[in-house]
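Shown next, in structure tokens, is the structure this report addresses.
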Amino acid sequence: MAQQNADQVADWTGESGERWVAYQARLDAMMAVFGHAAIEAAAPAEGERVLDVGCGAGASSLDLAARVGARGHVLGVDISEPLIGRARALAPQDTPVLFQVADASSAELPEGTFDILFSRFGVMFFGDPTGAFSHMRRALKPGGRVAFVCWRGMAENDWVRLPIAAIKGIIPPTAPPDPETPGPFSFGDRGRVARILTAAGFNDIAIAPFDASIAFGEGATRDAAIDDAVEMTFEVGPLARALADQPDDIRARASAAVRAAFAGRPGDRSVMIDGATWIVTAHNPIS
Ligand SMILES: C[S@@+](CC[C@H](N)C(=O)[O-])C[C@H]1O[C@@H](n2cnc3c(N)ncnc32)[C@H](O)[C@@H]1O
């Protein structure tokens with residue numbers, strides 16, 4: 001296990017992993033539109049072999065398996081034991097998919113084997129992204145392709161921008177994360193993504209914006225949907241940790257402010273929020 005990913009392993013095996021398992025169905029529903037866009041960009045064909053990096057509970061691996069069929073194969077790898085446990089539990093029998101607990105940046109992967117290196121929001125957490133992509137590239141066949149979806153910057157993603165603006169002045173400000181620190185928004189800078197892939201040996205790099213409105217909150221009534229969006233922010237969003245550390249009265253004020261911010265978003269029995277991503281594709285050179 002690469003030492004520089006030790007914090008991520010601890011987090012995704014512990015707190016974040018457990019929270020993602022608890023909210024797996026909701027998160028899968030939200031991420032689906034982005035994963036499908038990345039799968040279209042990957043264009044998996046029947047019989048192809050796919051490596052799904054940071055596969056989490058495996059929804060994208062199962063979608064990919066349906067595309068490559070029984071003559072193909074999908075290997076889903078993730079550092080999180082609880083998430084791989086959920087992926088195995090959700091995979092129907094006879095699906096051409098295998099799930100492994102592994103750090104994709106350093107695990108022994110079969111060389112020159114895969115047609116596609118795929119990820120749905122699972123490649124932004126490497127301590128050494130260039131090293132990780134160089135390592136994973138060696139598992140691709142010559143001419144093989146990479147396709148993944150990652151978030152653009154926080155400022156473009158209302159599901160995090162709105163709550164951050166709402167809690168300003170209520171909880172003490174934290175320094176904005178270094179844009180190169182591993183985390184959900186570390187691939188927000190398109191130039192950085194291109195530099196990483198180029199340095200890792202890929203060519204033919206394309207990075208295209210893909211935006212979608214997602215139901216960040218859902219419920220039987222509009223009020224219940226807004227409560228649900230607040231809960232997602234407090235439980236699984238990037239602000240969850242900072243909010244968890246606050247005393248109850250501050251959390252209550254923050255909750256009311258976030259609720260008011262979400263109430264301004266459209267939706268009937270939902271709170272629709274804009275998500276902004278990059279769909280990234282590249283090739284492993286033929287020689
Ligand atoms: C934002 S979640 C996305 C999970 C899943 N792809 C999905 O869309 O539901 C990021 C995932 O990347 C995994 N991850 C982080 N670093 C990793 C690494 N070095 N190797 C493999 N998986 C990693 C985490 O455990 C987590 O499951």
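Whatever order the structure lists ligands and atoms in, that order sets their numbers, starting from 1. Counting begins at 1 with the first residue of the sequence. Excluded from the calculations below are hydrogen atoms, water molecules and symmetry mates; all remaining heavy atoms, backbone and side chain alike, are included.
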> Is there a heavy atom in Cys55 that sits closer than 4.0 Å to ligand 1?
Replying inline: yes
> So which protein heavy atom does atom 8 (O) of ligand 1 come closest to, and at what separation?
Replying inline: Arg120 NE, 2.6 Å
>> Tell me the contacting part of Asp78 for ligand 1: side chain, backbone, both, or neither, using a 4.0 Å heavy-atom threshold, strictly below.
In response: both
> Quick one: nearest non-hydrogen protein atom to atom 19 (N) of ligand 1, plus distance?
Replying inline: Asp103 OD1, 2.9 Å
> Do Phe125 and Trp151 have ring centres separated by under 6.0 Å?
Replying inline: no
>> Among all the protein's non-hydrogen atoms, which is closest to atom 16 (N) of ligand 1, and how far away is it?
In response: Ile79 CD1, 3.4 Å
>> Give me the nearest non-hydrogen protein atom to atom 4 (C) of ligand 1 as residue plus atom name, then the distance to 0.1 Å.
In response: Gly54 O, 3.4 Å
> Within less than 4.0 angstrom of ligand 1, does Leu27 place any heavy atom?
Replying inline: no
> At a 4.0 Å threshold, what atoms of ligand 1 neighbour a non-hydrogen atom of Phe126?
Replying inline: 18 (C), 19 (N)
> Between Arg145 and Asp115, does at least one N-O distance fall below 4.0 Å, as a salt bridge requires?
Replying inline: no
>> Give me the residue, atom name and distance of the protein heavy atom closest to atom 10 (C) of ligand 1.
In response: Phe121 O, 3.4 Å
> Is the shortest distance from a Lys or Arg side-chain nitrogen in Glu48 or Arg67 to a carboxylate oxygen in the other one below 4.0 Å?
Replying inline: no
> Side chain or backbone of Ala102 under 4.0 Å from ligand 1, or both, or neither, by non-hydrogen atoms?
Replying inline: backbone
> Which atoms from ligand 1 have a heavy atom of Trp20 less than 4.0 Å away?
Replying inline: 1 (C), 2 (S), 3 (C), 9 (O)
> Does the distance from a Lys or Arg side-chain N to an Asp or Glu carboxylate O, for Arg138 and Glu111, drop under 4.0 Å?
Replying inline: no
>> Can you tell whether the side chains of Asp158 and Arg265 come within less than 4.0 Å, N to carboxylate O?
In response: yes
> Is the closest N or O pair between Ala104 and ligand 1 shorter than 3.5 Å?
Replying inline: yes
> Is the number of heavy atoms from other residues, nucleotides or ligands within 6.0 Å of CD (Glu81) greater than 12?
Replying inline: no
>> Which residue is it: Val50, Leu75, Asp52? I am looking for the one with a side chain to side chain contact (heavy atoms under 4.5 Å, CB included) to Phe114.
In response: Leu75
> Just which atoms of ligand 1 are under 4.0 Å from any heavy atom in Leu83?
Replying inline: 27 (O)
> For Arg222, does the CZ atom have more than 12 heavy-atom neighbours from other residues, nucleotides or ligands under 6.0 Å away?
Replying inline: yes
> Would you call Asp228-Arg269 a salt bridge at under 4.0 Å N-O?
Replying inline: no
